[in-house]
Amino acid sequence: MCGRYFLDTLPELLAGQFRVHKYPVYSASYNIAPTQPALIVRRHDDDNEWAWVRWGLVPHWAKDASIGAKMINARGETVAEKPAFRGAFRYRRCIVPASGFYEWRTQAGGKQPFAIVPTDAACFGFAGLWEHWTAPDGSVLETSSVLTTSPNELMATIHDRMPVILDPTDYQTWMQATPTDASALIRPFPAERMRAYAVNKAVGNVRNNSVELTAPIESIG
DNA sequence: CCAGACGTTGTT
DNA sequence: GTCTGG
DNA sequence: CCAGACGTTGTT
DNA sequence: GTCTGG
């Protein structure tokens, strides 16, 4: 699955990789967590645009926004049918840029966190969905979710799920094609194109925007 | 018909 | 142990 | 995902 | 909003 990630790629590289004609404005974070603001790419007026949305999709019919905390991931196998996601899957697919993501391996003695990064690009692009929700007071909240799929050979050594990662050549298909064509992109990303590093210390809570990535104990892949 | 859910993950 | 908040 | 909390009372 | 369970 994907419950925590980081983003420290330079804005000009992000704009280039995701084909947005503006630079995103943000500061690097090594601790992007559910319910926190996430940078996404989506279609708007026949163009790609950046948007900040809250991670954790709140369906339009929700009575309050708290349900979003549970909707941080959508299973790729069922996203087209589930009431909470199908509308967003049909009409509001987006991409979530991530310099890398964390995954925890349960093992004797506790959980070992790993940071997984791309080997051939500045950034991963997660397949995502976004949604808008109108609060009782009339204010609008935009939210997002990250699709998951079965793990590749590398990720299987850590966990039994992984985020859906798109090849850059598929970005526009994901956002613009029919749901049927988009569905074909829901699959494990090649293990040869990523590398996992054991992280020295647990990520910690959201207020602690730091993690040691510089001295891997162990690398895989 | 109404009431209640609507999701994912992990788990010795 | 399980839920909530970030 | 992890960190941190985890309650009761009384109320026309 | 829409489906499922009772």
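In what follows, every heavy atom counts, from backbone to side chain, and hydrogens, waters and symmetry copies are set aside. Within every chain, numbering begins at 1; the chains are lettered A, B, ... in the order of the sequence lines, protein sequences first and strands thereafter.
- Remark: the separation of the P atoms in B:dT12 and D:dC2 is 13 Å, to the nearest Å.
- Taking only side-chain atoms of A:Gln36, from C-beta outward, the nucleotide of C:dG6, B:dG7, D:dC1 with the closest atom is C:dG6.
- Nearest to the side-chain atoms of A:Arg161 among the listed nucleotides C:dG6, B:dG7, B:dT9 stands B:dT9.
- A 4.5 Å side-chain heavy-atom check between A:His21 and A:Asp47 finds at least one atom pair inside the cut-off.
- Candidate nucleotides E:dG1, B:dT8, D:dC1 were compared by shortest atom distance to the side chain of A:Arg75, and B:dT8 ranks first.
- Note: A:Leu141 CG to A:His132 NE2 = 11.5 Å, rounded to the nearest 0.5 Å.
- Across the strands present, D:dC2 finds its partner in C:dG5; the criterion is a Watson-Crick or G-U wobble pair with both atom distances under 3.5 angstrom.
- In this structure, of C:dG6, E:dT2, D:dC2, it is C:dG6 that holds the atom nearest to the side chain of A:Ala33.
- If you check every strand for non-hydrogen atoms under 4.0 Å, A:Phe85 touches sugar and phosphate atoms only.
- Comparing C:dG6, B:dT9, D:dC1 against the side chain of A:Ile72 picks out D:dC1 as the nearest.
- D:dC1 and B:dT8 have their C1' atoms separated by 12 Å, with the value rounded to a whole Å.
- Where stacking is scored as ring centres under 5.5 Å apart with planes under 30°, A:Trp61 registers as stacked on the base of B:dC6.
- For the pair A:Arg93 and A:Tyr91, the NZ or CZ position fails the cation-pi test of under 6.0 Å to the six-membered ring centre and within 45 degrees of the ring normal.
- Nearest nucleotide to the A:Ala84 side chain, out of D:dC1, B:dT9, B:dC6: B:dC6.
- On the P atoms, B:dG4 is 25 Å away from D:dT9, given to the nearest whole Å.
- Residue A:Thr106 has its side chain nearest to B:dT11 when only B:dT11, D:dC2, B:dC6 are considered.
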